[in-house]
Undergrad: 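Structure below; questions to follow.
Just so it is clear, the model here is predicted, and its values are computed rather than measured. Lettering follows sequence order; numbering is per chain, from 1.
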Amino acid sequence: MSSALIYACTGAALFVFGVTGLILLSHLLRKILAFNIMGSGIFLVLVGLGQRSGTPDPIPQAMVLTGIVVAVAATGLALALVRRLLHFTGEIRLPEEP
Amino acid sequence: MFDPIPWLILLPLAWGCLAFLAGVGRGGRLAFAGLIIQLALTIVLARQIAMEGARHYAVGGWGAPLGIDLYVDGLTGVMLLLIHVVTLPLVVYARAYFSCQAEGVGYFWPLTLFLLAAMNALFMSADIFNIYVTLELLSLAAVGLVAAAGSAGPIAAAVRYLLVTLLGSGAYLMGVALLYGTYGSVSLTVLGPLLAATEISAAVFLAAMLMLTGLLLKTALFPFHFWLPPAHGSAPAPVSALLSALVIKASFYLILRLWFDLFAPLVTIPVAQLLGGLGAAAILWGSVLAFMQVRLKMLVAYSTVAQIGYLFLLFPLMMLPIPEAAESALQGGMMQLVAHALAKAAMFAAAGVMVLSAGKDDIALLSGMSSHLPLTLFAFALAGVTLMGLPPSGGFIAKWLLISSAVNGGQWGWVAVMILGGLLSAAYVFKVLCQAFLPPVAGVKFKPVRRVLEWPAFLLALISLLLGFRSGEILSLLGGG
């Protein structure tokens with residue numbers, strides 16, 4: 001198994017963990033962490049599969065940098081919203097569907 | 001030759017930053033002036049597309065693969081015109097709305113302008129990674145708008161919306177990663193022929209499934225619709241109108257683009273039938289739930305769930321072996337997209353005025369509204385005519401094209417669903433109208449509202465109704481690219 005494939009498989013596993021956590025966990029902080037794990041998995045797949053015969057390809061690396069910026073912004077927004085929710089309801093969980 | 005393409009992205013970004021610097025609750029006048037300029041630019045661009053056809057634009061002179069390529073064709077032209085025509089009256093409406101009810105104005109103006117910039121960029125993107133970035137920009141701005149109202153309900157709806165939309169774009173980006181890993185490119189123009197020429201590997205198949213699922217989640221197709229009614233129903237009325245009319249159409253546009261430009265060699269009749277089946281379920285389930293709502297804005301939000309269903313009927317109909325049937329299915333789907341955007345913006349705007357006047361979001365409180373706000377109720381009814389699909393509205397043309405395509409192909413099941421859907425939408429529209437025509441309850445006082453609040457909804461509803469007469473132009477622009 002080449003190193004590129006190891007990265008890609010690890011990334012795929014992290015992605016699956018992240019998606020599972022995002023769907024199944026009910027604590028919102030854990031959901032946000034799960035989203036970040038999912039993101040890291042995707043970035044690993046991008047960089048891992050992007051290597052051509054062992055030499056790193058700069059284009060997926062630039063994409064991953066952009067992806068990290070987006071993920072940081074989304075995490076920041078999510079944290080701010082969760083704090084507001086905590087302020088109103090006193091809980092870090094989503095209320096049941098009305 | 002003057003080229004409006006880069007300005008359509010740069011200008012709203014610049015207006016948005018200026019509105020942000022101006023401070024909380026400010027920037028309405030700037031948005032109005034900016035939108036008039038952008039609408040003019042869009043018209044120039046649409047004329048160019050109609051005369052010279054589709055074209056590429058290399059940002060900063062750096063073409064793909066090093067730089068970013070933009071691409072405009074007939075479909076882009078229709079979408080750009082649509083969002084500007086819908087947003088301009090809503091800007092007038094939002095200024096009046098927030099002057100009556102300051103709650104939720106927060107950073108409405110900068111967020112709306114960023115939303116527009118993201119949508120413009122999304123419609124003109126020519127590579128799948130750039131599409132991911134614009135999708136995220138769009139979602140973050142939309143979530144910010146939902147949360148702006150600030151109380152517990154909207155915040156919870158915004159958190160749920162944010163998590164769903166992040167999951168959707170995560171799945172989409174994973175698809176992009178797999179496609180890049182297989183083909184070493186993200187450009188739609190490069191990938192399309194590559195996919196058609198080579199044997200499809202399992203990774204590409206997985207990528208297509210992930211991207212499609214992610215986008216379906218963002219479009220809120222049944223059974224992924226659970227996040228939409230709370231998010232659209234609890235936001236301030238101008239925000240609900242923007243989200244319901246335009247934002248979900250952006251991810252639908254992407255499904256359409258990817259389906260035809262990229263995954264055409266992969267799509268099979270069972271997959272198309274599955275999408276159509278989910279659409280049919282959305283039409284019936286969404287309409288029934290809309291009818292059962294007691295809150296007016298939730299009723300309108302569930303009606304969006306139902307109307308999204310019609311859009312997905314075009315996929316099975318497009319697979320019909322008869323060329324005329326397939327063509328009228330695509331045209332019908334696009335007309336439904338345009339007509340629903342206009343009608344739903346009008347309906348949410350009208351519902352917002354009625355809620356503002358009644359003081360509470362409850363259909364039972366609407367008795368006597370017909371004599372208090374006749375123009376607003378008329379706008380609501382006109383928008384309802386489009387949703388039901390009665391002539392001469394744009395919704396009628398859309399449903400007519402879809403039904404005739406289904407009849408042409410002998411697909412009677414879809415015909416039955418569409419007719420039943422029309423009847424059900426009549427039921428929930430008339431539920432509101434009947435209540436509004438009841439005599440006013442003694443002792444209930446409606447708050448007076450400013451006249452300027454009533455006209456934008458009426459204008460939007462009128463455009464959606466008269467669209468039926470001008471559908472030829474839209475369809476020819478669509479075909480011109």
Undergrad: Between B/Leu173, B/Val176, B/Thr165, B/Leu137, who has the most heavy-atom pairs with chain A when the cutoff is under 4.5 Å?
TA: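 Top option by heavy-atom pairs under 4.5 Å: B/Leu173.
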Undergrad: Using non-hydrogen atoms only, which part of A/Leu22 is less than 4.5 Å away from chain B: side chain, backbone, both, or neither?
TA: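 The side chain, not the backbone.
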Undergrad: Step through the shown structure and confirm whether more than 12 heavy atoms of other residues, nucleotides or ligands are within 6.0 Å of CZ on B/Phe205.
TA: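 For B/Phe205, atom CZ is not crowded (no more than 12 foreign heavy atoms under 6.0 Å).
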Undergrad: Nearest 0.5 Å, what's the CZ-CG distance between B/Arg160 and A/Leu81?
TA: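 It is 13.0 Å, given to the nearest 0.5 Å.
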Undergrad: Is it the side chain or the backbone of B/Leu210 that comes within 4.5 Å of chain A heavy atoms, both, or neither?
TA: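 Only the side chain of B/Leu210 comes within 4.5 Å of chain A.
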Undergrad: Of the non-hydrogen atoms in A/Ala74 and B/Leu162, which two are nearest, and what is the gap between them?
TA: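 Taking A/Ala74 first and B/Leu162 second, the nearest heavy atoms are O-CD2, 4.3 Å.
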Undergrad: Identify the residues of residues 151-158 of chain B whose heavy atoms come closer than 4.5 Å to a heavy atom of chain A, ordered by number, or report 'none'.
TA: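 Residues of residues 151-158 of chain B touching chain A at under 4.5 Å: B/Ser151, B/Ala152, B/Ile155, B/Ala156, B/Ala158.
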Undergrad: What part of A/Met63 is in contact with chain B, defined as an atom under 4.5 angstrom from a non-hydrogen atom: side chain, backbone, both or neither?
TA: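 Both backbone and side chain of A/Met63 come within 4.5 Å of chain B.
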Undergrad: Does the side chain of B/Tyr132 reach to within under 4.5 Å of the side chain of A/Val70, using non-hydrogen atoms?
TA: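 A side-chain contact under 4.5 Å exists here.
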Undergrad: Quick check: do B/Tyr180 and A/Val45 have side-chain heavy atoms less than 4.5 Å from each other?
TA: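 No. Closest side-chain heavy atoms not under 4.5 Å.
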Undergrad: Do you know which of A/Phe88, A/Phe43, A/Phe35 has the most heavy-atom pairs under 4.5 Å to chain B?
TA: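 Option with the greatest count: A/Phe88.
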Undergrad: Do other residues, nucleotides or ligands put more than 12 heavy atoms under 6.0 Å from the OH atom of A/Tyr7?
TA: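 Not more than 12 within 6.0 Å, no.
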Undergrad: Among B/Leu163, B/Leu166, B/Val133, which residue forms the greatest number of heavy-atom pairs with chain A at distances under 4.5 Å?
TA: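 Of B/Leu163, B/Leu166, B/Val133, B/Leu166 has the most heavy-atom pairs under 4.5 Å with chain A.
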Undergrad: So what's closer than 4.5 Å to chain A heavy atoms on B/Leu167: side chain, backbone, both or neither?
TA: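 Contact with chain A involves both backbone and side-chain atoms of B/Leu167.
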Undergrad: Could you tell me which non-hydrogen atom of B/Ala177 sits nearest to which non-hydrogen atom of A/Leu49, and how far apart they are?
TA: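 Closest pair (atom of B/Ala177, atom of A/Leu49, distance): O-CD1, 4.2 Å.
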Undergrad: Taking side chain as C-beta onward, heavy atoms only, is B/Phe129 less than 4.5 Å from A/Thr66?
TA: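 Side-chain contact under 4.5 Å: yes.
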